[in-house]
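Have a look at the structure below before the remarks.
A, B, ... follow the sequence lines: proteins, then strands. Residue 1 opens every chain. What you see below is based on every heavy atom in this structure, not just the backbone, and it leaves out hydrogens, waters and symmetry mates. The structure presented is a predicted model; accordingly, all values stated were derived computationally and were not measured.
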Protein chains: 2
Amino acid sequence: MAKNKRGVDRQVKQDEIVDIAGELFLTQGYEATSMAAIARGAGVAPNTLYWYYRDKDDLLISVLDRLLEDGFTRYAALADKPLNELVFWLLKELKQAGGLVATVHARLGESVALRQWHDQFHALMGQLVAGHLAAHGIDGADSRTESAILSFVIEGLLSHPTDQASQRRIIDRLLLGPVSYSAG
Amino acid sequence: MAKNKRGVDRQVKQDEIVDIAGELFLTQGYEATSMAAIARGAGVAPNTLYWYYRDKDDLLISVLDRLLEDGFTRYAALADKPLNELVFWLLKELKQAGGLVATVHARLGESVALRQWHDQFHALMGQLVAGHLAAHGIDGADSRTESAILSFVIEGLLSHPTDQASQRRIIDRLLLGPVSYSAG
DNA sequence: ACCTGAACACCGTTCAAGT
DNA sequence: ACCTGAACACCGTTCAAGT
């Protein structure tokens, strides 16, 4: 499509590449997707990708940014639902992102750019959760504790397929409190 | 070392390979460790590894088994400490395994053998935790819920470096109960 | 500025052959 | 049964050259 050549539309071409890369990453997985395959999909030579992106990780980051952006657009519509509703929604959202969550964690040590993206992502989620918790009078260290637990459990649920019922029990246990077994 | 040739010691040679593979996986990471590097360390030709192991994932599984075995040996010494102590101990243990946790999750889709190992590992941990929770009168679905949450949070803490204090807050929050904000 | 063909330095794995 | 040299089919990335 959209030919480039004269400064017509660098942005468009870039979007096109991210499109196809995202689709392949999500369906085949990051490792299983070769730069050659992405190039083929975008109708360019493999090395052309390096004109637009520093390397494969950089391309991954652009895909993640796109996914995040789309997610936020959808989030806006239900920002003031109760927290547990939001968590279930978020789970469904991230399920789409599938193996990419695991991929990001596995590559944290191999790409500083990716690590930065990851840290920012968690900071962002932390702020969001903090906002919701503040409505319940929870802030400071407690808020950060809750937020960390929530994100860990969400990530866990993503990488460990869990049936709907167990999933609900887990979220409810977190948000409504435990079957108390404090202090043996 | 230990020459093979006549049926002297297949087991010994295999241990030798797992040794060096484990060391490299832990220090350089799975992806960053080539079969060639492992072979070099073991003093054999690269393709010789395929006499002992089906592929790289199979070798990873052997390394994981070794790590697990060692862990259990150390666990035996403190099996009846209180649960939160055990969790802290486990965290320290798994920290050694470092990026391998993320590696396993990232490769779940690419190796059925690895997925089987992973599922068995969680089942095993689940049983262990269930034993401890039973002492607090928790079993059935509740026990499985607690166990799932615990393992997710442990995995989360592993892949997201957290200072000692926050870590303790998180574990205590889980085992001693939340700052209650039930039912808005 | 944008794109390419060709090459580089790998990678995991297989095969046919040797002992 | 154990081990190897050589090759296969990739891989991400770089470079020099073209428009």
Side-chain angles (χ1 to χ4, degrees), chain A residues 1-18 20-22 24-25 28-63 100 103-104 106-107 109-114, chain B residues 1-18 20-22 24-25 28-63 100 103-104 106-107 109-114:
Chain A
M1 308 278 143
K3 269 283 152 262
N4 232 357
K5 296 304 179 191
R6 240 176 27 263
V8 207
D9 45 17
R10 175 179 177 98
Q11 184 63 15
V12 172
K13 192 77 190 174
Q14 223 158 333
D15 284 352
E16 215 174 304
I17 295 174
V18 173
I20 168 75
L24 290 176
F25 286 166
Q28 327 280 343
Y30 177 81
E31 304 282 0
T33 301
S34 68
M35 293 298 267
I38 297 169
R40 207 176 310 125
V44 293
N47 46 2
T48 299
L49 298 178
Y50 293 84
W51 175 257
Y52 294 98
Y53 299 95
R54 175 131 61 125
D55 53 25
K56 200 181 174 186
D57 283 302
D58 190 30
L59 188 42
L60 173 59
I61 287 172
S62 287
V63 167
L100 286 195
T103 298
V104 168
R107 299 194 62 73
E110 325 206 17
S111 160
V112 282
L114 195 54
Chain B
M1 310 275 147
K3 270 280 155 266
N4 232 358
K5 296 306 182 189
R6 240 176 26 264
V8 206
D9 44 17
R10 174 178 178 97
Q11 184 63 14
V12 172
K13 193 75 189 174
Q14 223 158 333
D15 284 352
E16 215 174 305
I17 296 175
V18 173
I20 169 75
L24 290 176
F25 286 166
Q28 327 279 345
Y30 176 80
E31 303 282 0
T33 301
S34 68
M35 293 297 269
I38 297 169
R40 206 177 311 123
V44 293
N47 47 3
T48 299
L49 298 178
Y50 293 85
W51 175 255
Y52 294 99
Y53 299 95
R54 174 130 62 122
D55 53 26
K56 202 182 173 186
D57 283 303
D58 190 29
L59 188 42
L60 173 60
I61 287 173
S62 287
V63 168
L100 286 195
T103 299
V104 168
R107 299 194 62 72
E110 325 207 18
S111 160
V112 281
L114 195 55

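The ring pair (Phe, Tyr, Trp, His ring centres under 6.0 Å) test applied to A:Y30 returns A:F25, not counting sequence neighbours. Applying the side chain to side chain contact (heavy atoms under 4.5 Å, CB included) criterion to A:Y53, with sequence neighbours excluded, gives A:Q14, A:I17, A:V18, A:D58, A:L59, A:S62. For B:E110, the side chain to side chain contact (heavy atoms under 4.5 Å, CB included) partners are A:E31, B:R107, not counting sequence neighbours.
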Completion exercise
Annotated structure of DNA chain D as dot-bracket, pair cut-off 3.5 Å, Watson-Crick or G-U only, | for inter-strand, is ||.|||||...|||||.||
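Listed by first and then second residue, the salt bridge (charged side-chain N to carboxylate O under 4.0 Å, His left out) pairs involving residues 35-56 of chain A amount to none (not counting sequence neighbours).
Side-chain proximity of B:V44 to C:dC3, C:dT4, D:dT4: nearest is D:dT4. Comparing C:dT4, D:dC2, C:dC2 against the side chain of A:A45 picks out C:dT4 as the nearest. Set against D:dC2, C:dC2, C:dT4, the side chain of A:T48 has C:dT4 as its closest nucleotide.
Residues B:A21 and B:V63 approach most closely at CB-CG2, 4.1 Å, considering heavy atoms. Looking at every heavy atom in both residues, A:L60 comes nearest to A:L100 through CD1-CD2, 4.3 Å. The two atoms that bring B:P46 and B:A39 nearest to each other are CA-CB, 3.5 Å, heavy atoms only.
When the side-chain nitrogen and oxygen atoms of B:R10 are compared with OP1 and OP2 of D:dA1, none of them lie within a distance under 4.0 Å. Contact between the side-chain N/O atoms of B:W51 and the OP1/OP2 oxygens of D:dC2 is found at a separation under 4.0 Å.
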Report each atom pair, protein N/O against N/O of nucleotides 11-15 of chain D, whose distance is under 3.5 angstrom.
residue	atom	partner	partner atom	Å
D:dG12	OP1	A:T33	O	3.4
D:dG12	OP1	A:M35	N	3.4
D:dG12	OP1	A:K56	NZ	2.9
D:dG12	OP2	A:M35	N	2.9
D:dT13	OP2	A:Y50	OH	2.7
D:dT13	OP2	A:K56	N	3.0
D:dT13	O5'	A:Y50	OH	3.2

Exercise for the section: Test side-chain contact (heavy atoms from CB on, under 4.5 Å) on A:K13 and A:E16 and set out the steps. Expected result: CA-CA 5 Å; A:K13 192 77 190 174; A:E16 215 174 304; 4.2 Å; yes
